[in-house]
Amino acid sequence: MKIRTSLSLKYTGIIATVFLLFMVTIYYVSEHTRSSTFYHNLKSEAVTKAHLFLSNKVDAAVMQSIYLNNRNFINEVEVAIYTPGFEMLYHDAIENDIVKEDRPMIDRIMREREIEFREKDYESIGMVYNFGGREYVVTAAAYDGYGTATLRELRQTLLILFIAGLSVLFVVGYLLSWISLRPIRSIVKEAESITASQMARRLPVKNSQDELGELSIAFNDLLERLETSFNSQKMFVSNVSHELRTPLAALTAELDLALLKERKTRCRI
């Protein structure tokens, strides 16, 4: 794998990780805000219905009728009212019974005063409501359709942004690495053009303060040492050749003279 590809992948991976952390944070903050807002509205609806029922301002049958009619069009809150002794005073729709109240749940609500929990897809609360100097246990549950749909759209949007962002990040990272490594390619081409017959050539140094400048200077120093060694070797070979040329010439002359004498001796015989 080439350096520019490796740098692009590393750059993309790091930025993608940071990007993903921010998106997850945004999603969970949005979910927390949605949940807090919905539980607040759920509590307000429960208090309103409990007050209307306990103050006898609205008949229970009318409240149940309103609930059953509204639940076909909106995510209506289902409310139930109990005494601390687990006696049911009111329920919007006992046949639905989203919250499965039992004696341990009532005791827990009386002990903790207010609880939040989930029943499958429904978010629910249980609380102690004071009215007329007496305490009542009120439970409420509803499905946050709008908030859930909004979060689903947010999740899809973040996913699309993440995929598109990764693609853009990789392309940008690849271009940046290509631009950053372009001087190295110039150095490589220049180094490849230096041969044994061109030992005097040196790499250009554009900026001696950066890493590439330091690399060029180090390579030039290496070339300087190699040139010095190469010249010393040539000088040694030249000196050795010169020193050996005279003895070899004398030796050749002696051999020729000896051969000449041998031929003359043979001719006299």
Side-chain angles (χ1 to χ4, degrees), residues 1-43 75 114-125 141-195 198-199 201-227:
M1 181 183 296
K2 291 195 173 183
I3 294 178
R4 62 173 175 265
T5 305
S6 177
L7 287 176
S8 301
L9 292 175
K10 291 177 180 178
Y11 167 79
T12 304
I14 293 173
I15 300 300
T17 302
V18 176
F19 194 29
L20 182 61
L21 289 175
F22 273 106
M23 288 197 303
V24 171
T25 302
I26 290 172
Y27 180 80
Y28 279 104
V29 168
S30 300
E31 163 62 19
H32 177 72
T33 303
R34 180 210 64 81
S35 179
S36 299
T37 303
F38 188 73
Y39 275 119
H40 176 76
N41 295 335
L42 195 62
K43 181 178 179 181
N75 297 310
E114 184 176 324
I115 62 173
E116 296 178 355
F117 57 98
R118 294 185 67 93
E119 290 284 348
K120 296 182 180 179
D121 293 333
Y122 293 86
E123 288 166 293
S124 311
I125 63 167
Y143 174 69
D144 187 10
Y146 175 77
T148 302
T150 302
L151 277 179
R152 188 186 307 114
E153 292 177 0
L154 176 62
R155 186 167 58 246
Q156 293 174 351
T157 302
L158 291 175
L159 180 61
I160 293 172
L161 287 175
F162 182 71
I163 296 174
L166 279 184
S167 302
V168 173
L169 283 173
F170 181 79
V171 173
V172 172
Y174 191 85
L175 290 175
L176 287 176
S177 61
W178 184 84
I179 294 172
S180 300
L181 296 175
R182 185 166 54 185
I184 294 181
R185 291 194 297 274
S186 300
I187 292 175
V188 171
K189 289 181 179 179
E190 189 70 25
E192 289 176 346
S193 65
I194 299 176
T195 61
Q198 298 175 328
M199 292 293 291
R201 291 183 57 182
R202 296 293 182 266
L203 296 179
V205 180
K206 295 182 178 180
N207 184 4
S208 61
Q209 303 300 320
D210 62 10
E211 289 79 3
L212 294 179
E214 293 175 355
L215 176 62
S216 298
I217 293 173
F219 192 80
N220 288 337
D221 291 339
L222 175 61
L223 288 175
E224 188 73 30
R225 292 192 296 271
L226 287 175
E227 184 181 13

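Small disclaimer: the values here were computed from a predicted structure and weren't measured.
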Closest non-hydrogen atom pair, [X] against [Y]:
X    : Y    : value
L42  : A141 : CD1-C, 4.0 Å
Y143 : D121 : CD1-O, 3.2 Å
F117 : I125 : CE2-C, 3.9 Å
S35  : E123 : OG-OE2, 3.7 Å

- Contact check, side chains of L151 and L154, non-hydrogen atoms, under 4.5 Å: yes

- Do L166 and F19 have side-chain heavy atoms sitting under 4.5 Å apart? no

- Task: Run through R118, E119, E116 and flag the one making a side chain to side chain contact (heavy atoms under 4.5 Å, CB included) with S124.
- Result: E119

How long is the gap from [atom1] on [X] to [atom2] on [Y], to the nearest 0.5 Å?
X    : Y    : atom1 : atom2 : value
T33  : Y28  : OG1   : OH    : 14.0 Å
T25  : H32  : OG1   : NE2   : 13.5 Å
M23  : L161 : CE    : CG    : 7.5 Å
L20  : I15  : CG    : CD1   : 12.5 Å
T157 : I26  : OG1   : CD1   : 11.5 Å

Neighbour count above 12 (heavy atom, 6.0 Å) for [X] [atom1]:
X    : atom1 : value
Y146 : OH    : no
F22  : CZ    : no
Y122 : OH    : no

